[in-house]
Amino acid sequence: MAKERKTTGIENAAAAEAPLYAPATGWTTTHPAVKLVPTHCAFCGMQCGMNLKVDAAGKVFGVEPRDFPVNKGRLCPKGVVAYQQIGHPQRLTYPLMRRGGKGSPLERCTWDEALDRIVTTFRGIQAQHGGNAVAVYSGSSMTTEKSYLMGKFARVALGTGNLDYNGRLCMVSAAAANNKAFGVDRAANPWSDIALADAILSAGSNTAECHPLTMPYIWEARDRGGKHIVVDPRVTPGARTADVHLQIRPGTDTALGNAILHEMIRHDWIDHTFIATRTVGWEETARTVADYSPARVARLCGVPAARIEEAAEIWGTAKTSFLLHARGIEHATNGTNNVLAYINLVLASGRIGRPGCGYGTLTGQGNGQGGREHGQKVDQLPGQRKYDDPAARAYIASVWGIPESAFPPMGYAITDMIEPMIRGEIRGMLNICSNPMVSLPDQAAIRRALETLECYVVIDFFLSESAELADIVLPGSAWAEDEGTTTNVEGRVLRINKAADPPGEARVDWAIICDLARRLGHGDKFAYRSAGEIWDELRVASKGGKADYYGITYEKIDAQDGVFWPCPTLDHPGTPRLFEDRFYHPDGKARFHALPYQPPAEVPDDEYPFFYTTGRLIFHYLSGNQTRRIGALVENAPEPYVEIHPLAAEKLGVDSGDLVRVWSRRGEIILPAKITRAIRPDTVFIPYHWGGKQSANLLTIRAYDPISRIPEYKVCAVAIARAPEGAVVTRDALRALPPAVALPGEQFA
Ligand code: SF4
């Protein structure tokens with residue numbers, strides 16, 4: 001395998017003639033590149049390696065895939081056009097503010113005007129209403145350096161405990177479940193282990209669209225004779241080719257996981273030695289799943305019992321196996337329990353901590369892993385430490401040079417900040433790298449909350465739907481305009497290299513935050529001259545924590561094609577595979593969890609007879625703020641639609657392309673119908689990458705997992721009719737559809 005070039009800014013005249021992807025103008029160009037900058041994709045947690053092509057004027061104009069160990073020279077349709085954000089004509093190039101207050105237009109202003117206004121307003125709010133009256137809402141697509149900085153900025157410079165990040169909408173159920181079961185939050189294995197698995201269970205993951213470059217590992221396993229089980233309410237591309245597809249009714253995953261375990265116990269497809277020596281909690285779990293026979297669960301889940309038995313046999317009898325899970329099971333009021341139900345299957349089989357045996361949680365955001373480890377979560381300090389742990393506070397206070405008493409009281413998760421904003425308890429917010437006006441559920445309530453804020457500040461590089469509501473907008477940097485690190489889906493720490501400067505007056509994000517900290521009177525704690533200096537402090541801050549990055553230097557990352565944490569010393573090579581000898585709980589053992597099924601917060605009824613679920617498309621990333629501006633992606637997926645099964649469409653009198661009105665107790669949306677057998681007859685699906693009147697989250701419910709506080713994006717109840725005033729399908733009509741697929745709202749009894 002050819003080794004990729006590892007250092008930043010390599011001169012490479014030979015690359016000038018190389019063909020490259022340039023979809024806006026055709027698929028090849030002879031535009032000369034004078035520099036190739038090795039880096040990683042801006043989008044999903046795979047963090048595929050790529051070289052950005054830079055011309056003599058310093059302009060990034062193209063990309064080529066790198067032969068990096070994760071993607072092995074491949075990129076997906078998003079990856080090949082990610083570079084088109086850089087130098088995009090819609091980039092924000094100067095600060096904006098509403099000089100005349102609320103209701104006045106956003107106008108160009110100077111950096112001094114904008115930053116001084118922020119400091120004056122935030123300090124005024126805090127003087128009157130306390131430190132926690134100003135919140136920070138951050139993001140996990142940023143480098144780990146910036147993520148770390150946001151946590152320190154909120155606690156030290158701003159003095160607020162109301163700090164959270166948009167992984168709350170993405171990774172927190174996985175994180176909570178991993179911590180409960182294993183005592184640490186990371187995928188257990190390098191992705192190369194997937195290819196060695198005899199059985200792969202993908203639970204709630206549209207892998208082919210959301211993490212496309214995971215699919216070659218699954219294909220490799222199948223080429224060796226491995227079997228793929230997919231659990232998803234939709235016939236996703238991965239489900240179409242799976243050996244077993246369990247087209248589950250939304251919100252019933254815990255019961256399904258219990259039924260598979262029930263069947264494994266019945267056939268004695270379990271590893272008694274592993275359970276006895278490396279786990280606790282088995283007896284209660286086994287007792288609980290005794291009630292969950294496939295025959296009984298089939299009715300609740302809407303899948304045939306025989307299919308559940310088939311999946312259990314594949315998983316139960318495999319020699320090696322790998323669990324992949326994602327938002328399909330995690331975006332739920334039972335999100336943590338759903339993940340734990342599938343982790344029970346891993347533990348019962350004893351197949352973890354060995355080649356080809358383990359699990360991975362598919363991180364949605366580019367830095368979904370690193371961004372959730374170093375203190376930008378409301379309850380967290382760097383190194384996956386707990387905010388309420390006295391020893392952790394003492395250590396981090398010593399690293400930051402502050403007294404322990406300076407830590408502000410812990411605030412709310414972002415999903416719990418909405419009501420305090422509406423009632424005036426939280427009055428100011430700094431929002432970086434997230435777009436709540438698309439991504440949070442129940443959009444009418446989110447708009448009300450943001451509009452109620454006295455001072456809402458957004459740092460972004462495009463004018464997102466959220467930035468349009470802001471009082472002050474600061475132009476920040478795109479991923480290729482700064483250096484730093486990310487941690488990919490495997491737990492591998494990677495280098496992001498700088499290929500261009502931010503345009504116009506835009507600044508790199510960490511410099512904006514440090515300038516704000518200085519104006520807030522804490523410049524001495526934020527006197528960094530480079531991202532590398534932030535990194536070196538982060539390494540020390542993480543030292544001794546579960547996510548110990550101390551031994552990971554930029555040079556080691558370059559030399560090793562990334563470094564897997566934990567890496568506690570400078571001479572440590574990193575840890576690609578976890579749990580070979582022990583788990584992270586103090587006794588070294590993993591935890592089973594007994595999980596009685598709980599229904600979702602809202603299920604269909606006479607008034608709202610359909611299940612509603614949301615998700616991603618291959619051509620867009622999260623709220624679409626980046627990808628909806630890239631021509632090739634927009635051409636492929638220009639607008640959202642409603643997936644409706646032909647049986648339901650017939651009842652509605654709807655054809656593909658007809659406008660349909662979909663409404664829930666929160667709002668309504670009118671979109672074209674896409675009639676497809678890819679969805680269950682009792683369920684409709686809308687992709688969530690759009691805002692305004694096209695926002696899938698106009699309908700979703702503000703109901704949260706009690707453990708992780710993740711919203712229930714994947715299930716609520718809606719009604720549908722052909723727009724403007726077509727027939728409404730009744731619950732009874734749905735009941736008349738084939739019983740295996742149409743029993744909306746049935747309870748497990
Ligand atoms: Fe980028 Fe993910 Fe596609 Fe790789 S799979 S190119 S990281 S979006």
Side-chain angles (χ1 to χ4, degrees), residues 4 20-23 27 37-53 60 62-86 140-144 170-171 187 190-192 194-195 202 205-220 236-238 324 326-327 360-371 478-480 484-497 499 561-562 615-630 632-634 636-637 687 689:
E4 76 280 5
L20 72 153
Y21 298 102
W27 288 93
V37 177
T39 191
H40 296 269
C41 180
F43 298 131
C44 85
M46 293 297 294
Q47 289 293 279
C48 296
M50 57 171 56
N51 289 318
L52 291 176
K53 296 196 162 198
V60 177
V63 68
E64 63 178 25
R66 267 202 295 153
D67 192 15
F68 191 73
V70 175
N71 55 307
K72 300 176 184 169
R74 307 177 183 100
L75 293 175
C76 85
K78 282 192 294 290
V80 297
V81 292
Y83 75 91
Q84 292 183 10
Q85 309 172 57
I86 311 159
S140 208
S141 292
M142 301 191 300
T143 60
T144 307
C170 189
M171 295 307 307
W191 250 220
S192 52
I194 297 173
S202 297
S205 167
N206 180 3
T207 311
E209 293 202 72
C210 304
H211 302 86
L213 269 300
T214 291
M215 287 310 290
Y217 293 94
I218 296 176
W219 300 137
E220 204 178 323
T236 59
L324 291 167
R327 308 305 85 72
T361 166
L362 289 151
T363 40
Q365 298 196 68
N367 195 23
Q369 185 68 47
W479 107 105
T485 64
T486 57
T487 304
N488 83 342
V489 67
E490 309 165 282
R492 187 194 306 243
V493 181
L494 308 166
R495 279 290 295 281
I496 301 297
N497 287 314
D561 285 341
R616 288 165 66 168
L617 304 176
I618 192 169
F619 296 108
H620 289 288
Y621 178 63
L622 304 180
S623 78
N625 187 36
Q626 292 153 272
T627 50
R628 280 184 278 120
R629 301 173 199 273
I630 296 178
L633 301 177
V634 175
N636 278 288
H689 306 290

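Note that the structure is predicted; figures quoted are calculated from it, not measured. All ligand and atom numbering here is 1-based and tracks the order in the structure. For the single chain, residues carry numbers from 1 onward in sequence order.
- Although no hydrogens or angles enter the test, the distance criterion places a donor-acceptor pair under 3.5 Å between the side chain of R628 and the main chain of S623.
- Nearest heavy atoms, L52 versus A499: CD1-CB, 3.9 Å.
- Residues T207 and L362 meet the side-chain proximity criterion, which asks for heavy atoms closer than 4.5 Å.
- Closer than 2.8 Å to atom 4 (Fe) of ligand 1 sit the protein N, O or S atoms C48 SG.
- Not a single donor-acceptor pair under 3.5 Å links the side chain of Y83 to the backbone N or O of A480.
- In summary, the side chains of T363 and N488 do not present any donor paired with an acceptor at a separation below 3.5 Å, with no hydrogens or angles considered.
- Screening T485, T144, T486 for a side chain to side chain donor-acceptor pair (under 3.5 Å) with N367, the sole residue that qualifies is T144.
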